[in-house]
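Contents: one structure, followed by commentary.
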Amino acid sequence: MTRGVARLAGRLVLPQGVVAGWLEFSETIVGLTADPGVSGPIILPGFIDTHLHGGGGGDTMDGAGGVRALARFHLSHGTTTLYPTTMTNPWDAILAALDGVREVQAAADPTLPDIPGVHLEGPFISPQRLGAQPPHTLEPTPAQVDALLACDVIRLVTLAPEMPGVGEAARRFAEAGVRVSVGHTRADAETVATFAQSVREAGGTLGFTHLYNAMGGMAGREPGVVGAALADRDAYSELILDLHHVYPASFLAATHAKPDTLHLITDSVRANGLGDGETELGGQRVFVKDGAATLTDGTIAGSTLTLDRALRNALALGVDLAQASRMLSATPAQYMGLGDRGELSRGKRADIVVLNDDLQVQTVYVAGRKVSGD
Ligand SMILES: [Zn+2]
């Protein structure tokens, strides 16, 4: 069924800059017309989140109901494509979560964001860099990787390069088209560089999971994972711009080092949108206070960030609107191989976010259908 062509007037955020004009679209964008006489809201491509555990009371580990709840919540904040993210949990719980996401995909509900697949965060990570992941890490076996690939729903995997068996697992994931992201790791920069080379030789695309978090620091004679990530211009990097996980100067340094490969994520937990109080992450108690989520020992446990707030944070730190928009849409689309979306241009999916002058989300469209707002 084709819908008629809709028209929006406003400030169109294009990859190269902001242009006043008209946007015409049905399921895809069919027209863009510059018109300096036009005023109106800010119109951006829909946001893409490659790393989020939950929100709106739901969590990826809950199964299909949790995925729907988190998807609805983040959609209302402008996220039109998302990758529900698993926790390092017992093996069967992970497989059950993958099934839940497949169930949501199979229902193809057009009022939800698009869900191209899962981000598998753990269990193949370092037990010494868990962050807020529970201690259910594994050293991957070929049989386990086969079982995961057979689910055909994982599109991104976080791995610690120094763990036994991970090199071989990374090659298998890369050959299957799964993005390989370095994270929750104690590897040194040399180990990361060797790992990056083998992922690329297998035809893979390399990323870093929540840059700066759960990977140690950087020093002149000890570049570490952060140094390896910043030095590798072509490697993509997620970053949690809630200003709790990463402070302004660290964010700005990363934007300068990686202008085309840094993208923003939420790493959101289920309590996001529910206010302060006690909640749960991967079977652990989590406390949310003033928007910060922590375990009982004070470890940061995911975020209550939404991508519209990440955009506002980036702008407040002096990033211009076109660049901030790229970090939320074009760059993650390119990373994940989603050539049909990520920018406002003719032929792309009409995944659109409309913001008012206070940069609050007013309306959201998924593939041309109004799914949130007025
Ligand atoms: Zn993590």
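Remember, it's 1-based here, ligands and their atoms both numbered in the order they're listed. We use all heavy atoms of the structure for the numbers below, so side chains are in, but hydrogens, waters and symmetry mates are not.
When the salt bridge (Lys or Arg N to Asp or Glu O under 4.0 Å) test is applied to E175, no partner is found at least two apart in sequence or on another chain. In this structure D290 satisfies the salt bridge (Lys or Arg N to Asp or Glu O under 4.0 Å) test with no other residue, sequence neighbours excluded. Partners of D59 by side-chain hydrogen bond (donor to acceptor under 3.5 Å, both in side chains), not counting sequence neighbours: none found.
Between the side chains of E162 and T185, at least one donor-acceptor pair of N or O atoms lies under 3.5 Å.
Distances shorter than 2.8 Å separate the Zn ion (ligand 1) from the protein N/O/S atoms E121 OE2, H184 NE2, H210 NE2.
Residues E280 and R285 are not paired through a salt bridge, judged by the lack of any N-O separation under 4.0 Å between the basic side chain and the carboxylate.
Taking the six-membered ring for Trp and the full ring otherwise, H51 and Y83 have centroids separated by 6.0 Å or more.
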